[in-house]
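Heads up: the structure comes next, in structure tokens.
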Number of protein chains: 4
Amino acid sequence: MSTKRDDILNAALRLFSRRGFYGTTMPELAREAGVGAGTIYRYFDSKETLVNTLYQSWKAKITEDVYADLPADLPWRARFTLLWTRLFDFAHTHPEAFSFVDLHYHSDYLDEQSRMVEQMSAATLFTMVLEGQADQVLVDLPPAVLIAMVYSAFLGVVRAEQAGYVVVDETLATATEERAWAMIRR
Amino acid sequence: MSTKRDDILNAALRLFSRRGFYGTTMPELAREAGVGAGTIYRYFDSKETLVNTLYQSWKAKITEDVYADLPADLPWRARFTLLWTRLFDFAHTHPEAFSFVDLHYHSDYLDEQSRMVEQMSAATLFTMVLEGQADQVLVDLPPAVLIAMVYSAFLGVVRAEQAGYVVVDETLATATEERAWAMIRR
Amino acid sequence: MSTKRDDILNAALRLFSRRGFYGTTMPELAREAGVGAGTIYRYFDSKETLVNTLYQSWKAKITEDVYADLPADLPWRARFTLLWTRLFDFAHTHPEAFSFVDLHYHSDYLDEQSRMVEQMSAATLFTMVLEGQADQVLVDLPPAVLIAMVYSAFLGVVRAEQAGYVVVDETLATATEERAWAMIRR
Amino acid sequence: MSTKRDDILNAALRLFSRRGFYGTTMPELAREAGVGAGTIYRYFDSKETLVNTLYQSWKAKITEDVYADLPADLPWRARFTLLWTRLFDFAHTHPEAFSFVDLHYHSDYLDEQSRMVEQMSAATLFTMVLEGQADQVLVDLPPAVLIAMVYSAFLGVVRAEQAGYVVVDETLATATEERAWAMIRR
DNA sequence: CATGAATGAGTTTTCATTCAT
DNA sequence: TATGAATGAAAACTCATTCAT
């Protein structure tokens, strides 16, 4: 089965997350993927199609792996811990995914569908925060702000880790989770 | 007086912060600055020189405007409030500056001097955090982590604001400051 | 087989020998070679690399075709005749080669290797002249001077021919050879 | 009186003789001449006008200084000696002039008038050679060939000298003259 | 007269995309 | 289906020339 398509997507994730969309050339990408330059175009119409496909798939995968299947009866504190843990698990399993998604946030080459996936993912979180606020567990700030602060704080740690400034073991992951929770709990 | 050089730097800040380094073309930049394409090269040797000049000047300006002249005897709580206020003041005065600096963080076209300015800025914060921990006011996590979490949280809010998701008035600024402080205070 | 590379080199020989390095533009060259502008860069890193490659190959070819395989026991007079004949044969087979090599002599865009090829070629002649002088056959002047005078005289005839001032048939070639020999024989 | 015009012409001689027409830029030329870039255009309509002016003036000066005022009754041998001496005197007084004139020989940016000056100079020599042949003093080859061989041989020596390969003192100048004469005398 | 900052057409070079194999 | 050589449009950059001072 076509492993080439995946080779291309994996290479694209690596390069786009490092050098960005415009900083990555198709020949480079072909070399990194171990395929001919023309081969990329058998699977993707254009560079933009490729980046959109990649963006959507990772955004969806993050949403799925991190936000889905939260036990409905889980107390808020434990729920947050679970989310935070999943975030770090994901970040460690797919080190380039968060950088990639973050780097391409709101870029003008993202198409309608990418924006929709983006919206859906945001909506999930948004709803969750609203519930937490209704339950008087989360602080009363615009959900967009709470989400931005927590998610950015998480991303900040991941970036520090990838830059080699710290190693995030389980202890540190837990500690950061506590701090993030302290930021948003009522 | 050479207003052209400033026109170019201002246009570059606007475009680089939006489209990134590789996504911004020199003709675009020339048009945005209202100068001829060749004029840019009278003031900057190359596109790389330009982005480095810009990076260094803004990084230095942020450091100066936000971190400098902190009253030595200011209590930690008040000190943090002051810093947070200054960050928002800066972000509102120069809406593109933080995005620009953040977007170009650790890019491979940044030269030695840009990295040095970067280091100096980081060192200032690092020292401050260490003091706060010695005074038992700040939580005991690696300073790089605390800095990353707070600064990223701030950036997250600014980005949400620029995306039009929220309006950050004084009340909201204060509220976010409290949340950020809650994240790092012991 | 990569005939394109040869097409480019041949076109470059023609244009560089006529208009010089700076006077030849890459689009012109591409058109003359019958290839796309980008194609040139698949085979040569830069215009400078191209001119150096060309210089080295022709300098080496001249040296090989003209100076190599001289029968060791050939009397000086016959040896000179042979060299002169070979020079004209070469000039008539590759009408632009001598102009090209001469025009680019000591140009600052020639690299280390081009200079080495240059030196090697010069050394061959130099040694030959020294031997001729030791044998009391050649006049006692600095070899560099003898070489310069003979080679330049030859080039002068070739240039006159190319400018259309004369036609150099076998008779004229022989006559010029006699004159050149008269210039340097003891 | 306008020394600037001369400054420009002198700078142009130096740069054009070294780097050629296309290899010399107007700003470079302005700097070398010690004038503003715009100043050049007060004296010369364009770069082409400048090079043509320069070419004509030097070609004329060479013709005047070297070929004019030859005592009518001077024997051929002495006449040749005088010419050769004058050539070397000229070359040593104006080291760049011969290179410049030679380098621009038959270039397509030379205008009608430059070609005429060229023709006139050639005609003088041509006539002289014809006379010498009529007098049975010079060898019977096409005058264009004789002229090319002698003049090129001379240029070869000058180039060797400028490249630093030899120093041409009076003895060597005389020796080369003898060799050149041997080449063309009957 | 003289300047040199400013320009845009033209240069070298890159790169997304195509297509013959 | 896969390739990578080939392309030309567009990028970064240069330079002859102009013009406000």
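A note on names: the letters A, B, ... follow the listed sequences, proteins ahead of strands, and every chain is numbered from 1.
- Toward the 5' end of DNA chain F, the nearer of the two residues B:Y41 and C:T39, judged by each one's closest nucleotide, is C:T39.
- Consecutive pairing runs in DNA chain E reach the stem threshold at E:2-21 with F:2-21, where a stem means at least three Watson-Crick or G-U wobble pairs with distances under 3.5 Å.
- Rounded to an integer number of Å, the gap from C:Y43 OH to E:dT13 P is 18 Å.
- Looking at C:W58 and C:L54, their side chains come closer than 4.5 Å, going by heavy atoms from C-beta outward.
- Residues passing the side chain to side chain contact (heavy atoms under 4.5 Å, CB included) test with B:S46 are B:E48, B:T49, sequence neighbours excluded.
- Listed by chain and number, the residues in a salt bridge (charged side-chain N to carboxylate O under 4.0 Å, His left out) with D:E64 amount to none (sequence neighbours excluded).
- Residues B:V117 and B:A60 share a closest heavy-atom pair of CG1-N, 4.1 Å.
- Atom P of F:dT21 sits at a distance of 22 Å from the matching atom of E:dC1, rounded to the whole Å.
- In this structure, C:P27 reaches the bases: a heavy-atom distance under 4.0 Å links it to at least one base atom across the strands shown.
- For E:dC15, neither phosphate oxygen OP1 nor OP2 lies less than 4.0 angstrom from any side-chain nitrogen or oxygen of A:T25.
- Taking every heavy atom of residues 28-36 of chain A and every atom of DNA chain F, pairs under 4.0 Å involve A:V35, A:G36, by number.
- The residue D:M26 sits close to a base: some heavy atom pair falls under 4.0 Å.
- The shortest non-hydrogen separation linking B:H106 to A:A163 is CE1-CB, 3.8 Å.
- Within residues 9-21 of chain C, no residue has any heavy atom closer than 4.0 Å to DNA chain F.
- Nucleic acid contact for A:Y22: none, since no nucleic acid atom lies under 4.0 Å from a heavy atom of the residue.
- Across C:L29 and C:I8, no two heavy atoms sit closer than the pair CD1-O, 4.1 Å.
- Residues of residues 44-55 of chain B having a heavy atom closer than 4.0 Å to DNA chain F, listed by number: B:S46, B:K47.
- A side-chain donor-acceptor contact under 3.5 Å links A:T25 to the backbone of A:E28.
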Extract all donor-acceptor atom pairs below 3.5 Å that involve side chains of residues 96-105 of chain C and protein atoms in other chains or at least two apart in sequence.
from: C:S99; atom 1: OG; to: C:Q162; atom 2: OE1; distance (Å): 3.2
from: C:D102; atom 1: OD1; to: D:R159; atom 2: NH2; distance (Å): 2.8
from: C:D102; atom 1: OD2; to: D:R159; atom 2: NH2; distance (Å): 3.2
from: C:H104; atom 1: ND1; to: C:Y109; atom 2: OH; distance (Å): 3.0

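- Nucleotides of DNA chain F nearest to C:R42 and B:T24 differ in position, and the one nearer the 5' end is that of C:R42.
- Qualifying salt bridge (charged side-chain N to carboxylate O under 4.0 Å, His left out) partners for B:R5, counting only residues two or more places apart in sequence or in other chains: none.
- Residues A:T24 and A:G20 approach most closely at OG1-O, 2.7 Å, considering heavy atoms.
- In summary, contact between chain A and DNA chain F, defined as any nucleotide atom under 4.0 Å from a heavy atom of the protein, begins and ends at F:dT1 to F:dG4 in the 5' to 3' direction.
- The CD1-C1' distance, from D:I40 to E:dC1, rounds to 15 Å in whole Å.
- Atom CG in B:D7 sits roughly 10 Å away from atom P in E:dT7 (whole-Å rounding).
- Here C:S121 pairs with C:K59, C:T63, C:Y67 under the side chain to side chain contact (heavy atoms under 4.5 Å, CB included) rule; sequence neighbours left out.
- The side chain to side chain contact (heavy atoms under 4.5 Å, CB included) check on B:E32 picks up B:A11, B:R14, B:L15, with sequence neighbours excluded.
- In this structure C:Q113 satisfies the side chain to side chain contact (heavy atoms under 4.5 Å, CB included) test together with C:Q56, C:D111, sequence neighbours excluded.
- Closest of all the heavy-atom pairs between B:D108 and A:R19 is OD2-NH1, 4.3 Å.
- No donor-acceptor pair closer than 3.5 Å links the side chain of C:T39 to the backbone N or O of C:V35.
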